[in-house]
Amino acid sequence: MPFRVAVLTISDTTFHKGPEYDLSGPLLTKNVEQHPDYELADTAVVPDDLEAIQSKVADWVARRGECKVDWIITTGGTGFGKRDVTPQVPDQVMTSVIIHGLLQLQGGTGGDIHPPRESVRQNNVDDVTVSAGLSRLRKSPFPMISLQEALDIVDAQSKPLPIETVPTGHMLKNYVLAEDIFASADLPPTRTTNVDGYAVVADEYNRAVQKLTDGAGMTVRVVRAKDTSDGAANEQVAVYRINTGGPLPAGTDAVIMVEDTELESSKSSEDGQELEIRVLMKQVPVGDNVRQPGSDAKQGEQVLDKGTVIGSGGGEVGLLGFVGKREVLVHRRPRVAILSTGNELVELESRNSILTSSDTWTGVVDTNRPSLRSTLEGFGYEVIDLGIAPDTMDLQEQAMRKGMAESDIILTTGGTSMGEADLLKPLIEHRLGGTIHFGRVAMKPGKPTTFATVPAIDGDKLVFALPGNPASALVTFYLFVVPALRGLGGWPKERRHLARVGVQVDCDMKLDPREEFHRVIVSPSKEQPGVLLAMTTGGQRSSRVASLCGANGLVHLPSLQKGGADRIKKGEIAQAVLIGEIRP
Ligand SMILES: Nc1ncnc2c1ncn2[C@@H]1O[C@H](COP(=O)(O)OP(=O)(O)O)[C@@H](O)[C@H]1O
């Protein structure tokens, strides 16, 4: 016996303006009619009105015998508008029928109503039926994909943000240049010196020394004027006090280092300071300690390439200043919103005393937001704190919408698994109109990691729903979110992922059917130069916050293969992702 299906279109527009406005209802009807397991029992159109919906549903529920209705599919009215009341209907009239809305609320689909929906799902789940009441989905509708597939999807979705101009004096770390940088003039523009000392005309000085009887150097008088480049000559030879980086006074062609002189006397005068120094050099070569114009860069020469990542080492920033760039074109750095979800969470600040083991804990202190925030700020990103949202769709939606308005990428933690309270996936799809690109990854920790894009006025926003467990949240942050942030920031593909190095492990590491990331401390071996050691941080339970303390590496353990080794043995070399500085 085929299931008898009734299709209910809930739409003010269709109800008032006519059936030609209904696109979803006829599509569903057609699907039902063509499906061998289903038979169309009835169709109806009602406005977005709770009573009208209830009364129609109640009518169908009450039908028996040949007219009975096994399954009601509703379409429309599941948005966030005040009049979108469909999700409230089942609470009031639910008996033994299956309401499509229930599946939507729980993250299933029950048959995609809106045609161009691209979220990934396991095919068979479209047929999931739920008997009376809000029971849990026992099987995630999202296929488990490999880590590499997941990383590729993130890469493809992380497109560079628009270009903007920033002053060179700003904190430029991790910006990516969106223009080639050229030297606008010869650098240095004139002859300068790279030492502190005394500028002379080499020939003149050398001749004067030769005339002296001891020939081992000479005493000269130097007036250090207020303007240091404007020294006064003594009787025999012109000597000018000059500082590192300063231009050479006209006519001079060599600089004697201060270390090659001795101070004989010094007194202050109206013009400045008058010095008598003894120069200890017999000969001064022409050009000694002089940098020629254009010796660092010739006018028009390219000094930095488009796509260069401005590092924290200071080199790129220094060069921009050196070529006189006061502002540069860069890709905008993404702004990141962070949200913790879960009824059990409390703000650290709300705990008013130091805990002792006899304290009774109620709730879980939100540690994910502070730890993600400090990591993100360390990378130079602006963070928008969306706080904690309890497990209600409305409050999570409010927070997500704020995040969409103020940021480019939203990170949530918690609520990614399949418990009743896990609202994020349906929220992203049904209320925010987003697309879930993956909802499960074959890795440990981090299986429920979810990645979606949601449309906003100024373009798609990326959403990462990271697992709630603190260690899982951070591990997945480094593996997925960092490359996404870098992609948005315009980093070249080959530099988006954190570097991997070979490390020698300090203990046996058992392999799991899922690829695993084992938290370790990486440091150079004292006994074997050139070898990096990886010391485990201990128990790797995903809830164990301490497993990430001090960790600067994640040893990537491959998945267990049939007939292959069951572990990486102590002393063997494995690959580790570097998440922090190598420990000395
Ligand atoms: N922000 C947070 N800070 C600390 N612990 C958290 C946080 N969010 C969730 N947790 C804890 O992590 C565990 C998993 O949370 P859950 O919401 O079920 O995550 P998921 O469904 O993503 O696996 C729970 O013990 C939860 O209390």
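This one's a predicted model, so the numbers in the text were calculated from it and none came from an experiment. In listed order, ligands and their atoms are each counted from 1. When a residue number appears, it is its place in the shown sequence, counting from 1.
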Electrostatic pair Arg369:Glu347 at N-O distance under 4.0 angstrom
yes
Close-contact set for ligand 1 against Pro467 heavy atoms, below 4.0 Å
22 (O)
Contacting atoms of ligand 1, where contact means under 4.0 angstrom from a heavy atom of Val365
3 (N), 4 (C)
Which one holds for Asn469 and ligand 1: side chain close, backbone close, both close, or neither close, with close meaning a heavy atom under 4.0 Å?
both
How are the rings of Trp71 and Tyr38 set relative to one another: parallel (under 30°), tilted (30 to 60°) or perpendicular (over 60°)?
perpendicular
Which is closest to atom 11 (C) of ligand 1 in terms of heavy atoms, Gly342, Ala473, Gly468, Ala471?
Gly468
Less than 3.5 Å between some nitrogen or oxygen of Thr341 and one of ligand 1, yes or no?
no
So, are Asp49 and Lys56 salt-bridged, with charged N and O less than 4.0 Å apart?
no
Show the atoms of ligand 1 that are less than 4.0 angstrom away from any heavy atom in Gly414.
17 (O), 19 (O), 22 (O)
Ligand 1 to Thr416, heavy atom cutoff 4.0 Å, flagged ligand atoms 20 (P), 21 (O), 22 (O), 23 (O)
With the threshold set at under 4.0 angstrom, would you say Gly415 reaches ligand 1 through any of its heavy atoms?
yes
Side-chain donor or acceptor of Thr341 paired with backbone N/O of Gly414 under 3.5 Å:
yes
So, 4.0 Å and heavy atoms of Ile388: is ligand 1 close enough to count as a contact?
no
Value for CG (Leu424) from CG (Leu339), rounded to nearest 0.5 Å, stands at 7.5 Å
Would Asp152 and Gln148 count as having a side-chain donor-acceptor pair, cut-off 3.5 Å?
yes
Thr413 heavy atoms, cut-off 4.0 Å: which ligand 1 atoms fall inside?
1 (N)
Could you tell me whether Arg401 and Glu397 make a salt bridge, using a distance below 4.0 angstrom between a side-chain N and a carboxylate O?
yes
Just checking Phe517 against His556, ring centres under 6.0 Å apart?
yes
May I ask whether Arg369 has any heavy atom positioned less than 4.0 angstrom from an atom of ligand 1?
no
Any idea which atoms of ligand 1 are less than 4.0 Å away from a heavy-atom of Ser340?
1 (N)
